[in-house]
Amino acid sequence: MAMASSCHQVMLQAGVATTQLALLSSSFHSTSSCSSSSSASYLGSKLCCNKASSSLLLRNCIRKMASIVERETVRMALPSKGRMAEDTLALLQECELSVRKLNPRQYIADISELKNVEVWFQRASDVVRKLRSGDVDMGIVGYDMVREYGEDDEDLIIIHDALGFGECHLGIGIPTYGIFENISSLSQLAAMPQWTEDRPLRVVTGYTYLGEKFFQEKGLKHVQLSTADGALEAAPAMGTADAILDLVSSGTTLRENNLKEINGGAVLSSQGVFVANKRALLERKEVLDVAHELLERFEAHLTAQGQFTVVANMRGSSAEEVAERILEHTDFPGLQGPTISPVYTTKNGNISVDYYAIVICVPKPKLYHAVRQLRKAGGSGVLVSPLTYIFDEETPRYRNLLAALKS
Ligand SMILES: Nc1ncnc2c1ncn2[C@@H]1O[C@H](COP(=O)(O)OP(=O)(O)OP(=O)(O)O)[C@@H](O)[C@H]1O
Ligand SMILES: O=P(O)(O)OC[C@H]1O[C@H](OP(=O)(O)OP(=O)(O)O)[C@H](O)[C@@H]1O
Ligand SMILES: [Mg+2]
């Protein structure tokens, strides 16, 4: 604590900017000249430290200080490449937020609808690292990345956990042939006599943090993890690993490389999530305000995406009588209840009301079922159109966020 507050003071006095902090952090590793002062201090452009203070403590200190550096803009990090990049931009676009990048090689952009927001494009792993350090306030990234590079950091807070793209899971894959031919579960894999201290089960993965935790929790003793950046599915056939721990979506890559999943071998389900730095949300109102607006836009779009607006004319004697039929004989009452309005027709020069138009929302997979129920309940002429947004009074996710910030 003492370390953190003295760091804080020194950093503020020196007016160190976030990027400088990052430089400081790296220069700390290379500097050999250390003073005997009792706390880390910033003198001129040199970082000096007590020999006793561990580099880890100082790095943590610098990391935590980053968010305290005054910054007027709200920073959002988005994946710069890979399959998440396009989907993330598409989601923002669908929420009427277009990210303006002057050219494809630029890593900063803006969103004209959100004046105080800076968008920074980063590799997925760096999105998480920079969220942890406080260099960015919020971001969109796969949940797998949050868990792997977030290392259970309490400063990371997930605001929306299901953005509806990048759906996959992290799971173990083993060969379909040889000694694994009859192995179909994690317990069978663990019980194989082949794995010893001298000859452990060799698993190649890009997820060493999650992998280690998983095998430890499952009580597998003789496991050795190694890493590679991609095309992990080749490793068992090459003989460089016995198994892999990687993302699976359609299962095609596993299949095409003669690998299979096993029962109990799924480590984590993942999809795109909206995540933020908890301290930034707590300490800077503008960060919470932007997070709230983005959450509302995401929720409104994602909720609406799964639904159709259905308008139907119903024969009836009064709005109440039509309402009763809808509520009793269909499974689709609308958001709070059906919206019902009279349809005015002219008969022999007189205006009369024999029909009522109802408006309801129907989940997409249930559309035909709804049409049949409406017809049965006296509906004629059913119009179906896509729903663009559903803005609820207050999203439960925002209530959850506020509760999490208090805890
Ligand atoms: N097969 C997949 N199906 C669906 N989502 C996936 C799949 N593979 C990865 N993802 C998601 O997309 C994210 C980015 O993966 P991708 O392979 O595109 O980039 P990356 O591997 O992080 O980047 P790089 O190739 O630079 O290392 C992953 O963290 C995961 O959330
Ligand atoms: O189950 P599937 O639908 O086949 O998807 C799974 C594959 O997708 C990812 O690789 P990616 O395409 O990102 O290539 P990479 O190895 O270069 O990361 C992942 O690492 C798997 O290899
Ligand atoms: Mg990849």
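Residue numbers start at 1 and run along the sequence shown. Note that ligands are numbered from 1 as they come in the structure, with each ligand's atoms numbered from 1 the same way. Note that these values count all heavy atoms, side chains included, but never hydrogens, waters or copies made by symmetry.
- One N or O on the side chain of Lys364 and one on the backbone of Gln305 form a donor-acceptor pair closer than 3.5 Å.
- In this structure, Arg325 CZ and Met314 CE are separated by 5.0 Å, a value rounded to the nearest 0.5 Å.
- Between the side chains of Gln307 and Thr303, no donor-acceptor pair is found at a separation under 3.5 Å.
- When non-hydrogen atoms are compared, ligand 2 lies under 4.0 Å from the backbone of Ala231 (N, CA, C, O) but not from its side chain.
- Annotation for ligand 2: atoms under 4.0 Å from non-hydrogen atoms of Ser250 are 1 (O), 2 (P), 3 (O), 4 (O).
- With ligand atoms numbered from 1 in the order given, ligand 2 contributes 19 (C), 20 (O), 21 (C), 22 (O) to contacts under 4.0 Å with heavy atoms of Asp246.
- Using a 4.0 Å cut-off to heavy atoms of Ser249, the atoms of ligand 1 that qualify are 1 (N), 2 (C), 3 (N).
- Numbered from 1 in the order shown, with element, the atoms of ligand 2 that lie under 4.0 Å from a heavy atom of Val248 read 1 (O).
- By the 30° and 60° cut-offs, the orientation of the rings of His292 relative to Tyr398 is parallel.
- For Thr253, heavy-atom contacts with ligand 2 shorter than 4.0 Å involve the backbone as well as the side chain.
- Of all atoms in ligand 1, listed by their number and element, those nearer than 4.0 Å to a heavy atom of Leu247 are 8 (N), 9 (C), 10 (N), 28 (C), 30 (C).
- For the pair Asp242 (side chain) and Arg202 (backbone), a donor-acceptor distance under 3.5 Å is present.
- Side-chain contact annotation: Arg147 with Tyr149, donor-acceptor N/O pair under 3.5 Å absent.
- Considering backbone and side-chain atoms together, Arg83 places an N or O closer than 3.5 Å to an N or O of ligand 1.
- Asp229 does not count as a contact of ligand 1, since none of its heavy atoms falls under 4.0 Å from the ligand.
- A donor atom on one side chain and an acceptor atom on the other are found under 3.5 Å apart for Asp144 and Tyr207.
- For ligand 1, the atoms closer than 4.0 angstrom to any heavy atom of Gly142 are 31 (O).
- The atoms of ligand 2 that sit less than 4.0 Å from any heavy atom of Glu233 are 21 (C), 22 (O).
- The distance criterion of under 3.5 Å between nitrogen or oxygen atoms is met by Arg83 with respect to ligand 2.
- Against a heavy-atom cut-off of under 4.0 Å, Gly230 is close to the following atoms of ligand 2: 16 (O).
- Nearest residue to atom 27 (O) of ligand 1 from Met145, Arg123, His169, Gln271 is Arg123 (criterion: closest heavy atom).
- Figure legend: Lys101 and Phe121 shown as a cation-pi pair, the cationic atom lying under 6.0 angstrom from the six-membered ring centre and within 45 degrees of its axis.
- Remark: the Thr395 side chain and the Glu299 side chain contain an N/O donor-acceptor pair separated by less than 3.5 Å.
- Between Leu288 and Leu401, some side-chain heavy-atom pair lies under the 4.5 Å cut-off.
- Polar contact check, Tyr207 against ligand 1: no nitrogen or oxygen pair lies under 3.5 Å apart.
- At least one N or O atom of Gly251 sits closer than 3.5 Å to an N or O atom of ligand 2.
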